[in-house]
Amino acid sequence: MRVERNGIAISPGIAVGKVVILDRSKTIVQRTGIEESQIGSEKQRFLSAVKRSKDELLSIKDKLDSEGAGEHHQILNFNIMMLEDYLLSEKVLKHIESERVNAGWAVNSVLTKKSEAFKDVEDIYMKERLADIYYLGERILRNLHGVHEDIPMLDEDSILITHDISALDVVQYAKNKAAGIATDIGALTSHSAIVAKSLGIPAVMGLQDITLRASPGDSIFIDGFTGTVILDPGEEEFEEFKKRKSDYLDLEKKLLQYAKLSGRTQDGKEIKVNANIEITEELNLAMCYGAEGIGMYRTEFLFTNAVYFPDEEKQLESYKKVVSALNSPEVTIRTLDIGGDKFPAGMEPSKKLNPALGLRGIRYSLHDVDTFSTQVRAILRSAEDDKKIRMLIPMVSKLSEIIDTKRIISGIARELGREDSWEIGVMIETPSAAIIASDIAEEVDFLSIGTNDLIQYTLAVDRINEHVSYLYTPFHPAILRLIKSVVEAGHEKGIPVGVCGEMASQLSCVPLLVGMDVDELSMNAHSIPKVKKLLNTITEKDSKRILKHSLGLKTEYEIREYVRRAIVSKWGESFPPEFIIEITSSV
Ligand code: PEP
Ligand code: MG
């Protein structure tokens, strides 16, 4: 019977195929009392199950190595480390002894206690770490009960359906060809979601009861763009989905051909096209999609995905990967931007507070100088001898924040003997920073306009509140005038100005930004090929004309309609049809 569900669109792409169920249901354990004489052997049984679990993980690691998927080691290492230094082991051993119970029951009791302690914790990242411990616990229980890991056989059209999925399962099965993933539970920020995205596997999570509805071999369609999943569609509909998938793959292929283009308009104006990344696993995608450099590495994930803030060496490891991955003169590492909409474990603000206006970005870093200094040390140490590392400072709202930040960085650079290894840039994302951009430009090496926040703060529209999303638009005259003034301020002081918010990847906005003389566009890797193609089709001269006319209009509606029409009538014939659809449906 046809079933349609809408879940969370986790990883873009379209998949059509057959259901393969990955059974990750909870292992049922019964309580059995044991004699004092059995305590030793029960403890031994538990330790053997831990060892078998570790062996399993090591063999997955070997397999991934041989398949060249070594970049996902950190997830495996994290799991192996937890097994080796398994915090719960001690508790389980004690529980077997004090309660005189079987090992399975002891594992279950300790895990249940742990989950109860976390029941009311709202922090999503903390819950994620608990989930990792839960997955490991389940692995140990399977091994205690002699249940061998059922590794489903996957074909190229297999779509993995499971109640919940660990990041490790995503790595293991995706490398094993899964065409898509659909789960009952899961969140956009989960480790597994990030990994699915970085591997380019279409995924939808949070479908609630998909495992109850699906049977092995059922036909299924998943749309990782919208979060729609359809089980058992009729024959005609299934054929239609197959066509949608092949159209999507054709488009991807077509777009990939543009990845090699250079960032240059038809009349020769050069604009750097860089990638924004959140995790180092995205570096490969960034390269495939033609990133010329890394315009913004959002380092928050290093912090929000861990129970403790990462130390200097751990951070250095990640920064070095970014620095050495692309053969690019430019790598921009954004310093920690927690607060706003990204919080590490235990730091979620009270619901009454307004985190977007709170202790966020550089405000947090100047408040917790130890954490900031550790990050700066790691960034400076990651710089290669012949290249400067670019640090980008988020959420600046006044000049003294930059002066203070520079003082801290210079001090550390002196200590490390790396005075000449760095450049500093400021994210222009608050209206105050935009208005004093000229003064800021005197202090720094480059500016990068964060339009996601600049629009939010300038128009007073919460960027994640769907009730006011109709007010959120880059076409507002205040936004265009502000961006133009920032670019002019930067150029007057002789420094480059880029845009790293979503606006940089919107086809209907790019000609306006080109018209303003923006030097760099930095965006999610997927958007790079289409933006390069657009740049290669348009001209700087006409972009300036479009901008000039737009700036004379008074409302966002007039501007948007004019820009859409102007782009389509000037260059529409040279664009792939999908571009026209995107341009004419832009908000
Ligand atoms: C922005 O605000 O435009 C930006 C790029 O930063 P983030 O989306 O991480 O806040
Ligand atoms: Mg921002």
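Computed from a predicted structure; not experimentally measured. Both ligands and their constituent atoms are indexed starting at 1 by order of listing. Count residues from 1 along the sequence.
Each of the following atoms of ligand 1 lies closer than 4.0 Å to a heavy atom of Arg463: 2 (O), 7 (P), 8 (O), 10 (O). Set against the non-hydrogen atoms of Arg360, the atoms of ligand 1 under 4.0 Å away are 10 (O). The ligand atoms of ligand 1 that sit less than 4.0 angstrom from a heavy atom of Gly450 are 1 (C), 2 (O), 3 (O). Residue Cys500 approaches ligand 1 through these ligand atoms, each under 4.0 Å from one of its heavy atoms: 5 (C). Atoms of ligand 1 lying under 4.0 Å from any heavy atom of Met427, numbered from 1 in the order shown and given with element: 4 (C), 5 (C), 6 (O).
Between Tyr562 and His549, the ring planes are tilted. Angles from 30° to 60° get that label. A tilted orientation is assigned to the rings of Tyr289 and His526, their planes being inclined by 30° to 60°.
Environment of CZ in Arg264: sparse, with no more than 12 heavy atoms of neighbouring residues, nucleotides or ligands closer than 6.0 Å. Heavy-atom neighbours of Lys388 NZ from other residues, nucleotides or ligands within 6.0 Å: above the threshold of 12.
At a heavy-atom cutoff of 4.0 Å, ligand 1 is contacted by no atom of Glu278, backbone or side chain. Under 4.0 Å from ligand 1, the heavy atoms of Arg298 that appear belong solely to its side chain.
At a threshold of 2.8 Å, the Mg ion (ligand 2) has a backbone or side-chain N, O or S atom of Glu429 nearer than that distance.
With salt bridges taken as basic N to acidic carboxylate O contacts below 4.0 Å, none links Lys387 and Glu330. At a threshold of 4.0 Å, the pair Arg298-Glu282 does not count as salt-bridged, since none of the basic side-chain nitrogens sits closer than that to a carboxylate oxygen.
Under a 4.0 Å heavy-atom criterion, Met296 is in contact with ligand 1. Contact between Arg334 and ligand 1 is present, with at least one heavy atom of the residue lying under 4.0 Å from the ligand.
At distances below 3.5 Å, not a single donor-acceptor pair connects side-chain atoms of Asn452 with backbone N or O atoms of Gly501.
When you scan the N, O or S atoms of Asp453 for the one nearest the Mg ion (ligand 2), you land on OD2.
Nearest heavy atoms, Arg418 versus Trp422: O-CD1, 3.5 Å.
Looking at ligand 1, you'll find an N or O of Asn452 within less than 3.5 Å of one of its N or O atoms.
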